[in-house]
Each structure stands twice: as structure tokens, then as C-alpha cells.
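What follows is one structure encoded as C-alpha cells, with my remarks underneath.
Residue numbers count from 1 along this sequence.
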Amino acid sequence: MKYPFIKKDQDLNKYLFDLKETCIFEHEENWYKEKSHTKLYPNIEEAKGRVSKPYYWILNAIDNYEDDSNENKGAALLELGQLVFKTNYYSYKLTSNSDNVEAKKVLINSLINLGISVDVVSQHMISMDTPKYARLDLNIKKSKELILSWIE
């Protein structure tokens, strides 16, 4: 996986720090190698606002979570978890319409490890916000039961 998922007993602040480091390293590496957007925006703050690259989306999601004026930290974590998941599974998404049980389990455990409740994850996993290959085609009760059986 290109971007790390949070582990079960990992501290959230440490995870966010490590994820930021990964994204910043990718920005710097691209700044030295490419002659594209990084030539125009070598400053990471400027690039985050103007360039559509997954590592900038992740950095913006972390900023949104860490923003003191943000009153809905849970939604910000859900967005971050979804971004990391979609970015890691992006090539698979392009080639598959079929279910991927492994991807479902990874997404569920990642969201649970971010501190998101099972009820919220259950609702999220059946929503259209979840990619088709990872979505649960169940009702909320069955979704919750399945998720509880998959939590590591």
C-alpha cells in the first residue's frame, strides 16, 4: 500500500504525523523529479490548494480534521479514511466492478481503527460514498452484524 492504514493499537496523532510525512515526502520527491505542477507550485501549501493529486487531498483532509474550528471531527476522519482507502485501491477500482472482500475488510478495519463507531461505519459501507467494489449490499442491521464479525 502506498499510504499506510492505521493499525489497531496505533495512536491517532502518531498515525496522522506518519501519514503527513509520507505525503510531504511524495511532494518533495515529485518536486525534484517532475517538471509539471511542482515547477509551478514548489510550495506545498500553494500546491495543496491548486493541484489534484492524492497526497494533497490527504494532506487537506488531515488539515480539515486538525482545524480547531471544525466541529465534526468524526466526518473529517471518515473522509480521511475513505481517501486513504480509495488512493490505495485506485488501480483496482479502475478495473473491477466485482466485490472485493479483502478491500471491504481493510476499509472497515481502517475506519474502526480511526475511532469511528460501528454504527457509522455500517451506514457508510452501504452508502454510495463507498466504492462499488467495497460497498456492502445489505440492510443496516445485516451490515452491522457482518462488520462486527470482521473487526480484527
Scanning both residues in full, the closest heavy-atom pair of Gln82 with Pro131 reads NE2-CD, 3.3 Å
Side chain to side chain contact (heavy atoms under 4.5 Å, CB included) between Tyr65 and Leu12, intermediate numbers included: CA-CA 11 Å; Tyr65 171 75; Leu12 179 60; 3.3 Å; yes
Which residues satisfy the side-chain hydrogen bond (donor to acceptor under 3.5 Å, both in side chains) test with Asn72, sequence neighbours excluded? none
Give the minimum heavy-atom separation between Ala76 and Asn70, together with the two atoms involved. CB-ND2, 3.6 Å
Partners of Glu66 by side-chain hydrogen bond (donor to acceptor under 3.5 Å, both in side chains), sequence neighbours excluded? Lys20
For the pair Leu80 and Leu16, evaluate side chain to side chain contact (heavy atoms under 4.5 Å, CB included) and give the outcome as yes or no after the intermediate values. CA-CA 10 Å; Leu80 175 64; Leu16 293 176; 3.4 Å; yes
Heavy-atom donor-acceptor pair, Ser127 side chain to His124 backbone, under 3.5 Å: yes
Looking only at heavy atoms, what is the nearest atom pair of Pro4 and Leu19, with distance? CD-CD1, 3.8 Å
Is it true that a side-chain atom of Glu79 and a backbone atom of Ala61 form a donor plus acceptor pair closer than 3.5 Å? no
Residues Glu26 and Tyr3: side-chain donor-acceptor under 3.5 angstrom: yes
Cluster question for you: counting only ILVMFWY and a side-chain heavy-atom cut-off of under 4.5 Å, with indirect links fine, are Val101 and Ile126 together? yes
Got a sec, which residues hit side-chain hydrogen bond (donor to acceptor under 3.5 Å, both in side chains) with Asp119, two or more places apart in sequence or on another chain? Lys144
Taking Val84's backbone N and O only, do any of them form a donor-acceptor pair with Thr87's side chain (distance below 3.5 Å, no angle check)? no
Minimum heavy-atom separation for Ser143 to Leu136, with atom names? OG-CD1, 3.5 Å
Is the backbone of Asn113 close enough, under 3.5 Å, to the side chain of Lys8 for a donor and an acceptor to pair up by distance? no
Minimum heavy-atom separation for Phe5 to Tyr15, with atom names? C-CE1, 3.5 Å
